[in-house]
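Written below as structure tokens is the structure these notes are about.
Here the structure is a predicted model, which means the values were calculated and not measured.
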Amino acid sequence: MKKTSLTILAIVLMLSSAACGGKAKDLYEIPDLSQYKTEYVGDAPNVVNIVSKQDYPEGYSYDSIEIQSEIEPYGLTVFLKEEPSASKIEDELQINADMIFDLIGNLGTLEYREADSKELIAAYER
């Protein structure tokens, strides 16, 4: 059932990007990461695959993660490398966040931070 909902989400995202002139599609591709789906944010190998294999908006790239699995809500911080010319991208990371929440069952909070300065880029809750 969850695999079906992930497939439906991907189709809806593709159709909505086509309806909007392909803007989201132009920003980055939507990869198929369902093979890494996990119920636990503590499943580090799958979590790393999910976040490292995503395409990020222009000017940003995956650097590392930090898992918060001691107490609920369980959290994940994704550190991104930021090029000097990168613009603020909170809205553009929503697609990435939605995919991560769909693929990690017990994830409650998600933050994106700049890898060097640790400055918050965007934050999401399930």
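Clustering ILVMFWY residues whenever any of their side-chain heavy atoms sit less than 4.5 angstrom apart, transitively, puts Phe79 in a cluster other than the one holding Leu107. With hydrophobic clusters built from ILVMFWY side chains whose heavy atoms lie under 4.5 angstrom apart, Leu110 does not share a cluster with Tyr40.
Considering all non-hydrogen atoms of both residues, Tyr56 and Val78 come closest at OH-CG1, 4.0 Å. The nearest pair of heavy atoms linking Leu120 to Tyr112 is CD1-O, 3.6 Å.
Using a distance-only test at 3.5 Å, with no hydrogens or angles considered, a donor-acceptor pair links the side chain of Lys37 to the main chain of Asp102. Judged by distance alone, the side chain of Glu92 and the main-chain N or O of Pro57 form no donor-acceptor pair under 3.5 Å.
Residues that satisfy the side-chain contact (heavy atoms from CB on, under 4.5 Å) test with Ser52, not counting sequence neighbours, are Val48, Tyr62. With sequence neighbours left out, Asn46 forms a side-chain hydrogen bond (donor to acceptor under 3.5 Å, both in side chains) with Asp43.
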Please tabulate, for side-chain N and O atoms in residues 67-74, each donor-acceptor pair with protein atoms closer than 3.5 Å (sequence neighbours left out).
{"from": "Gln68", "atom 1": "OE1", "to": "Leu76", "atom 2": "N", "distance (Å)": "3.1"}
{"from": "Gln68", "atom 1": "NE2", "to": "Glu66", "atom 2": "O", "distance (Å)": "3.3"}
{"from": "Gln68", "atom 1": "NE2", "to": "Glu66", "atom 2": "OE2", "distance (Å)": "3.2"}
{"from": "Gln68", "atom 1": "NE2", "to": "Thr77", "atom 2": "OG1", "distance (Å)": "3.2"}

* Stepwise, does the side chain to side chain contact (heavy atoms under 4.5 Å, CB included) test hold for Val47 with Asn49? -> CA-CA 5 Å; Val47 172; Asn49 276 313; over 6 Å; no
* May I have the step-by-step check of side chain to side chain contact (heavy atoms under 4.5 Å, CB included) for Tyr60 and Leu93, ending in yes or no? => CA-CA 10 Å; Tyr60 291 86; Leu93 283 171; over 6 Å; no
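Here the CG-CD1 distance, from Leu103 to Ile50, works out to 4.5 Å after rounding to the nearest 0.5 Å. Interatomic distance, CD1 of Ile100 versus CD of Gln54, reported as 4.5 Å (0.5 Å rounding). Here CG of Asp55 is found 8.0 Å from CG of Asn96. Values are rounded to the nearest 0.5 Å. Between Phe101 atom CZ and Thr109 atom OG1 the span is 7.0 Å, to the nearest 0.5 Å. In this structure, Tyr36 OH and Ile104 CD1 are separated by 13.5 Å, a value rounded to the nearest 0.5 Å.
The salt bridge (Lys or Arg N to Asp or Glu O under 4.0 Å) contacts involving residues 104-116 comprise Lys81-Asp116, Glu111-Arg113, where partners must be two or more places apart or lie in separate chains.
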